There are 2 protein chains.
Amino acid sequence: MKRMPVRAGRPTIIDVATEAGVSRQTVSRVVTNHPRVAPATRVRVEKAIATLGYRPNRMARALVTQTSLTFGFAAIDMRDPHFGDTCFGMQVAAREHGYYLVVTELDFDDDRGLGTLETLLTLGVDGVALFPSILSDSDIEQFAASCGCPVVMIGRASKVPNVVSIAMDENAAAELVVDHLVERGKKRIGILMNEIFPEVVHQRYVALREAISNGTAVATAAVEAGYPRIAQGRIAATTFLQRGPDLDALIGFNDTMAMGALLACDDLGLRVPQDVAIVGYDGIPFGALTNPPLTTIVQDSIGMADAAFRSLLSCLEHGPPPEGKVLLWEPELLIRGSS
Amino acid sequence: MKRMPVRAGRPTIIDVATEAGVSRQTVSRVVTNHPRVAPATRVRVEKAIATLGYRPNRMARALVTQTSLTFGFAAIDMRDPHFGDTCFGMQVAAREHGYYLVVTELDFDDDRGLGTLETLLTLGVDGVALFPSILSDSDIEQFAASCGCPVVMIGRASKVPNVVSIAMDENAAAELVVDHLVERGKKRIGILMNEIFPEVVHQRYVALREAISNGTAVATAAVEAGYPRIAQGRIAATTFLQRGPDLDALIGFNDTMAMGALLACDDLGLRVPQDVAIVGYDGIPFGALTNPPLTTIVQDSIGMADAAFRSLLSCLEHGPPPEGKVLLWEPELLIRGSS
DNA sequence: TGATACGATGTCAACGCTCACACTAGGGTG
DNA sequence: CACCCTAGTGTGAGCGTTGACATCGTATCA
């Protein structure tokens with residue numbers, strides 16, 4: 001398979017040096033803003049750069065400096081607005097600091113995504129921010145130990161050595177949700193969750209069960225394989241409601257699943273919130289438009305993304321936290337029509 | 001600003017060569033699946049690779065081969081599900097072929113995004129897929145001429161030299177939309193568009209006006225600066241409906257804007273679709289959940305993304321189309337409750 | 001048995017860049 | 001005036017990898 005030469009004809013530092021009549025090192029100094037360059041020379045070099053349209057090759061630079069100004073960002077499905085918003089937040093922060101993001105979807109078939117992460121490393125990223133999803137804490141620990149760059153995980157609060165973990169306070173969130181539902185007179189609360197996120201689900205599930213056990217309501221769980229998109233949530237909720245013990249409230253693992261539940265209620269002729277109250281997690285913007293609008297636990301995706309970026313930067317400067325570090329975010333309950 | 005060494009201690013090809021007692025070239029041959037390696041040697045090298053956890057450095061490789069197995073993907077705001085879905089589609093195709101995606105948001109402040117694209121090139125991407133958004137055809141033409149790699153644009157049908165353009169047939173779409181609205185008895189159709197996408201908006205706008213002129217309806221346009229998210233659509237639609245000539249239908253530039261219009265109607269006490277019918281473009285999944293559900297022109301984002309990826313690959317193999325090339329996609333009208 | 005071929009491996013240079021160091025010229029110091 | 005210092009510049013090496021070529025040993029053939 002022959003290929004046309006890629007990036008053909010892009011001028012190199014040598015071309016600029018020749019054009020400006022200096023050595024490549026001088027050009028390098030100009031490009032990297034080194035102070036020891038005579039003003040006249042600097043001008044000459046800058047003119048040559050402009051003339052030739054020169055842009056330094058960041059791969060070559062990275063090879064020498066061992067720094068690519070590139071971070072990896074990995075999540076299970078960017079189509080989910082929660083991940084998308086987080087990705088956006090990291091983009092914004094990255095741009096501000098001259099960084100680029102290599103974005104990748106974690107592929108379950110590929111050793112739970114570890115293979116994809118490993119390959120990501122070969123691109124020379126300076127750090128990795130990821131939603132652990134299906135990866136366990138020990139997976140993450142092992143990855144962080146061998147990858148040779150800072151690792152930040154978003155969405156699960158775990159003290160993993162050398163890893164910064166950014167997550168919402170699940171206990172506070174669960175309390176907000178359950179208190180709210182109990183206040184609304186709901187007694188039989190179902191938890192609509194997905195077994196493919198054992199650890200996240202576990203944290204959220206445990207928190208919810210605990211919160212519920214303080215009240216009078218009954219908890220149950222429904223699970224459904226496959227990434228939780230609207231359709232999956234609809235199927236899971238339908239099954240759940242049909243065989244469930246007369247549920248009067250449903251808590252979705254995320255807004256997308258909760259939206260599926262909204263559709264399921266519609267399918268089954270159940271009124272929301274009178275017959276079944278529905279609450280989601282994440283606070284994606286589209287939740288404001290559903291019928292009825294979705295009550296949800298709002299996560300500050302952009303803020304968390306920004307923190308993730310800053311944490312990576314900080315790890316690069318001061319090293320990663322040896323015993324791990326957890327940044328906890330306060331949840332906010334946004335009450336709308338669905339509850 | 002001192003930094004910790006990045007990717008510290010990752011084994012190199014030399015380490016593997018030493019471990020296996022061969023030269024680095026032999027290791028390279030094993031890694032790249034070169035046929036001329038003795039089976040016994042191959043096994044020995046593979047064992048060394050496994051032992052050390054070696055992964056070839058793709059930057060170093062790219063420096064030599066001039067091929068990074070990396071594509072750039074640029075859009076104006078990944079939070080819009082249409083862009084997000086397209087990004088996802090490219091991810092899937094990329095993964096299948098061992099490619100990675102460098103994803104970037106185009107920043108308007110930065111020379112309409114051209115600066116961002118230029119920087120993207122310094123990362124050594126083998127090709128770029130982008131939503132042109134604010135960039136004109138001649139911007140794209142110039143970029144394609146100087147970037148030294150294949151360029152694919154998505155979302156605008158334009159014959160730009162050396163560029164593959166992937167877009168929906170706007171005329172067919174406009175006809176579907178307008179015919180449908182006329183059939184519903186609508187006579188005064190408003191077009192809710194955004195002036196920051198002059199070229200895309202232009203194509204869609206011209207197509208819609210033309211379609212409308214065939215019927216009896218009246219067309220108007222409302223514009224609003226800023227990227228079209230729900231909130232912007234709401235504001236624009238509100239202004240539009242308040243001062244507009246008794247509109248009985250509103251066509252949104254995309255689903256997000258149409259959703260804003262839905263909220264605006266709610267604000268103004270207008271019934272949808274009785275008082276005002278609303279139609280969007282894109283067919284994002286969340287449109288199924290609005291109140292009422294959104295009628296929309298469905299674009300096959302995943303399919304178009306796949307085509308974009310394949311086009312980049314094809315350009316690498318056979319060179320880009322000198323006079324440009326347009327791949328047109330058939331739109332589909334999904335009629336739901338909002339019209 | 002010697003020439004030939006070929007399979008298997010190694011060596012060298014290069015990709016584009018930066019780091020460490022060496023060098024030059026001019027200015028200040030004693 | 002010999003000395004050192006410093007600003008400004010150039011040189012060589014090397015980052016981790018692969019392409020081109022050279023080399024070696026062994027099997028094949030006349």
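Letters A, B, ... mirror the listed sequences (proteins, then strands); counts begin at 1. Only a predicted model underlies this, so the values are computations on that prediction, with no experimental measurement involved.
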**Student:** B:R95 and A:T104: side-chain donor and acceptor closer than 3.5 Å?
**Tutor:**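 Indeed, the side chains of B:R95 and A:T104 share at least one donor-acceptor pair under 3.5 Å.
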
**Student:** Considering the terminal five base pairs at each end of the helix from C:dT1-D:dA30 to C:dG30-D:dC1, what angle separates the two local helix axes, rounded to 10°?
**Tutor:**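 Taking the rotation axis at each end, their angle is 50°.
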
**Student:** Could you tell me how far apart B:R10 (CZ) and D:dT17 (P) are, to the nearest whole angstrom?
**Tutor:**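 Going from CZ in B:R10 over to P in D:dT17 covers 11 Å.
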
**Student:** Under a 4.0 Å heavy-atom cut-off, which of residues 38-47 of chain A touch DNA chain D?
**Tutor:**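 The stretch gives A:A38, A:T41 as the residues lying under 4.0 Å from the strand, ordered by number.
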
**Student:** Mind checking which nucleotides bracket the chain B contacts on DNA chain C, 5' to 3', with an atom under 4.0 Å from a heavy atom?
**Tutor:**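 Going 5' to 3' along DNA chain C, contacts run C:dG7 to C:dG16.
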
**Student:** Where along residues 21-32 of chain A does a heavy atom come under 4.0 Å from DNA chain D, residue by residue in number order?
**Tutor:**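 Correct list: A:V22, A:S23, A:R24, A:Q25, A:T26, A:R29.
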
**Student:** Listing request: all ring-ring contact (aromatic ring centres under 6.0 Å, His included) pairs with a residue in residues 52-72 of chain B, at least two apart in sequence or in separate chains.
**Tutor:**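 Matches after skipping sequence neighbours: B:F71-B:Y99, B:F71-B:F309.
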
**Student:** Does the side chain of B:T67 come under 3.5 Å of the side chain of B:D126 through a donor N or O and an acceptor N or O?
**Tutor:**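 The criterion, which ignores hydrogens and geometry beyond distance, is not satisfied for B:D126 and B:T67.
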
**Student:** A:I14 or B:P35: which one's nearest nucleotide on DNA chain C is closer to the 5' end?
**Tutor:**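 Mapping each residue to its closest nucleotide by heavy atoms, the 5'-most match is B:P35.
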
**Student:** Could you state the CG-P distance from B:N33 to D:dT18, rounded to the nearest angstrom?
**Tutor:**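 So the CG-P distance, B:N33 to D:dT18, works out to 12 Å.
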
**Student:** So do B:F143 and B:L121 actually touch side chain to side chain, heavy atoms under 4.5 Å?
**Tutor:**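 Heavy-atom side-chain distance check passes, below 4.5 Å.
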
**Student:** Do you know which two heavy atoms are closest between B:C315 and B:P321, and how far apart they sit?
**Tutor:**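 The answer is SG-CD, 4.0 Å.
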
**Student:** Any Lys/Arg nitrogen of A:E118 or B:R10 sitting under 4.0 Å from an Asp/Glu carboxylate oxygen of the other?
**Tutor:**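 Salt bridge: yes.
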
**Student:** Taking all non-hydrogen atoms of both residues, which atom of A:C87 and which atom of A:L101 are closest, and how far apart?
**Tutor:**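 Heavy atoms of A:C87 and A:L101 come nearest at O-CD2, 4.1 Å.
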
**Student:** Which heavy atom of A:R61 sits nearest to which heavy atom of A:T32, and what is that distance?
**Tutor:**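 Minimum heavy-atom separation between A:R61 and A:T32: NH2-CG2, 4.2 Å.
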
**Student:** Tell me the closest heavy-atom pair linking B:K159 and B:E323, and the distance in Å.
**Tutor:**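 For B:K159 versus B:E323, the nearest heavy atoms are CG-O, 3.5 Å.
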
**Student:** Using the salt bridge (charged side-chain N to carboxylate O under 4.0 Å, His left out) rule, collect all pairs that involve residues 138-148 of chain A, keeping only residues at least two apart or in two chains.
**Tutor:**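 Residue pairs passing salt bridge (charged side-chain N to carboxylate O under 4.0 Å, His left out), neighbours aside: A:R112-A:D139.
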
**Student:** Any idea which heavy atoms bring A:A17 and A:S23 closest together, and the distance?
**Tutor:**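 Answer, listing the atom of A:A17 first, then A:S23: CB-C, 3.7 Å.
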
**Student:** Could you tell me whether A:R61 contacts a base, only the sugar-phosphate backbone, or nothing, with contacts defined as non-hydrogen atoms closer than 4.0 Å?
**Tutor:**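 Result for A:R61 = sugar-phosphate.
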
**Student:** Quickly work out the B:R36 CZ to D:dT23 P distance and round it to whole Å.
**Tutor:**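 Taking atom P of D:dT23 as the reference, CZ of B:R36 is at 18 Å.
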
**Student:** Hey, does the side chain of B:S28 reach the backbone of B:R24 with a donor-acceptor pair shorter than 3.5 angstrom?
**Tutor:**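 Judged by distance alone, no pair lies under 3.5 Å.
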
**Student:** Under a plain distance cut-off of 3.5 Å, with no hydrogens placed, do B:S136 and B:S138 share a side-chain donor-acceptor pair?
**Tutor:**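 Result is yes, a qualifying pair exists.
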
**Student:** How many Å lie between CG on B:L63 and P on D:dT18, as a whole number?
**Tutor:**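 Going from CG in B:L63 over to P in D:dT18 covers 12 Å.
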
